[in-house]
Number of protein chains: 2
Amino acid sequence: MARESDRVDTEAPRARRADARRNVEAILDAAVACLSRDPDASVVDIAAAASVGRVTLYGHFKTRAELIDAALVRTIQHADQILETTDTTGDPTEALTRLVASSWQIVDQFRNILVAAQRELPAERIRGVHDRVVRRIQSLLERGQRGGAFRTDLPKRWMVTTVISLMHAAAEDAAAGRVKVDQVPGLITATLLAAFTAPGAKVPAARPSA
Amino acid sequence: MARESDRVDTEAPRARRADARRNVEAILDAAVACLSRDPDASVVDIAAAASVGRVTLYGHFKTRAELIDAALVRTIQHADQILETTDTTGDPTEALTRLVASSWQIVDQFRNILVAAQRELPAERIRGVHDRVVRRIQSLLERGQRGGAFRTDLPKRWMVTTVISLMHAAAEDAAAGRVKVDQVPGLITATLLAAFTAPGAKVPAARPSA
DNA sequence: CATAACTCGTACAGCGGCGTACTAGTTATG
DNA sequence: CATAACTAGTACGCCGCTGTACGAGTTATG
């Protein structure tokens, strides 16, 4: 079935007026900001933060779910752009280090958006939206496996899960002040590089990325 | 300040009537069951599941939060009992294997209770309740570090976070059908044993626990 | 068996969020 | 400049959940 929110980059048959487009942007910005602070932020909060009447908001997004979906898509696209500029070629261990450094920043900033989405949107929708970024991780892992840098005795799915879950866990620990933010990427990479080493092989030393 | 729910194993000044105690048990059972299915389960749902009037429920738990707190405590105690019977002596890698096998089952069953608690209860309360079980993991890790089995270049806190987060991630993957339940403990241990190997050292082979 | 403990159902009040009508006003755009 | 697009505000109606009050019935317990 077709979703309205598929028109993310395609445009409606009739061009919308300039101020309308500006408002939609403001609403999405506000949504991202509010939901990042509080995943339970209400439509009222978001409309207020966007300096827009609540009714106006409903003019652009039929329901709260649709709004959150749009905010999620926007965030993911933003993230994907950043990851696009991250060099994932060369030595897989170093590439993983770079990828983790970039990804974690995003995860840390926007994880609450994901929380909001998980409460409002069906699970498969969320997976669908994350497809590109997951694929990015997966293909790096596969390349590392083919080159012998990463172990091949674990399912690829599980390795991806490991990467993602450690980044989220680190974000929570950082938010709770349990670890210092600037040392987080180092912790994640040091852990992942070891975790992805085959039994019997020697664990490579993690090198700082910055 | 003192909490009402501290009277978990201590008893009230006046002994309560037998049927009252039975009802409280039924309510707690129902709460655990309902919240496991849906972390947003309402008081109505829980009362119904316990075959008890909603008002009766309120007679025992002043608020929804108090009920969830009690359900959480009950679950943790139950978990702690199971972990109590798990042998964490001997070779640390094997001990970790056993501990993960036991713990994961619990996490898989009851993670939704934690979700409910996280939405209703203050974070420090949740950490407080988990204290014993976290300590259990931590002391095993420390023992492994002293014996040279586990790396010492990562903060203990982070290693504990890694253990816990992988178990939760695995539980979600299992619930989504992304991995088969019976191979999950193996995946977690294989990953953890490698992750906890020092750079330059060889990763030990994971041995099945069952 | 008498009393206190406990339970039940219904009903009510409050809250906050969601989504919609309606009217009146403003502003971009051809 | 005329029209259509857009916005604002207010005011509803709806819903579900929480917590409380009441009055009457049941049951364990000394």
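None of these values were measured; they are calculated from a predicted model. Quick note on labels: first sequence line is chain A, next is B, and so on, each numbered from 1.
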A/H60 side chain near D/dT7 phosphate (N/O to OP1/OP2, under 4.0 Å): yes
C/dT7 OP1/OP2 closer than 4.0 Å to side-chain N/O of B/N23: yes
Closest nucleotide among [options] to the [X] side chain:
| X | options | result |
| --- | --- | --- |
| A/Y58 | C/dT7, C/dT29, C/dG19 | C/dG19 |
| B/V52 | D/dT29, D/dT7, C/dC8 | C/dC8 |
| A/R64 | D/dA28, D/dG19, C/dC18 | C/dC18 |

Report the distance from atom [atom1] of [X] to atom [atom2] of [N], rounded to the nearest whole Å.
| X | N | atom1 | atom2 | result |
| --- | --- | --- | --- | --- |
| B/E66 | D/dT18 | CD | P | 14 Å |
| A/L67 | C/dG19 | CG | P | 10 Å |
| B/F61 | D/dG19 | CZ | P | 13 Å |
| A/R17 | D/dT3 | CZ | P | 15 Å |
| A/K62 | C/dT20 | NZ | C1' | 14 Å |
| B/D40 | D/dC17 | CG | P | 10 Å |

Of B/A65 and A/D19, the one whose closest DNA chain D nucleotide lies more 5':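 On the 5' side of the pair lies A/D19.
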Residue whose nearest DNA chain D nucleotide is more 5′ - B/R21 or A/V24: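 Nearest-nucleotide comparison on DNA chain D picks A/V24.
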Pair A/E84-A/R136, salt bridge (charged side-chain N to carboxylate O under 4.0 Å, His left out): steps then yes or no: CA-CA 9 Å; A/E84 187 66 42; A/R136 219 178 268 276; 3.2 Å; yes
Approximate separation, where rounding is to 0.5 Å, of B/L187 CG and B/K180 NZ: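 Interatomic distance, B/L187 CG to B/K180 NZ, rounded to 0.5 Å: 11.0 Å.
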Beyond-backbone contact of A/I68 with A/F61, side-chain heavy atoms, under 4.5 angstrom: no
Base partner of C/dG30, which must satisfy Watson-Crick or wobble distances under 3.5 Å: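 By the stated definition (distances under 3.5 Å), D/dC1 pairs with C/dG30.
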Any donor-acceptor N/O pair, A/H130 side chain to A/I126 backbone, under 3.5 Å: yes
Backbone N/O of A/S42 and side chain of A/D45: donor-acceptor pair under 3.5 Å: yes
Along DNA chain C (nearest heavy atom to each residue), the more 5'-positioned of A/D45 and B/L57: B/L57
Full working for side-chain hydrogen bond (donor to acceptor under 3.5 Å, both in side chains) between A/S36 and A/N112: CA-CA 5 Å; A/S36 291; A/N112 274 341; over 6 Å; no
Pairwise N/O distances under 3.5 Å, protein to nucleotides 11-13 of chain D:
unit_1, atom_1, unit_2, atom_2, d
D/dA11, N6, A/R54, NH2, 3.4

Over 12 foreign heavy atoms within 6.0 Å of CZ, A/R119: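 Result for CZ/A/R119: enclosed.
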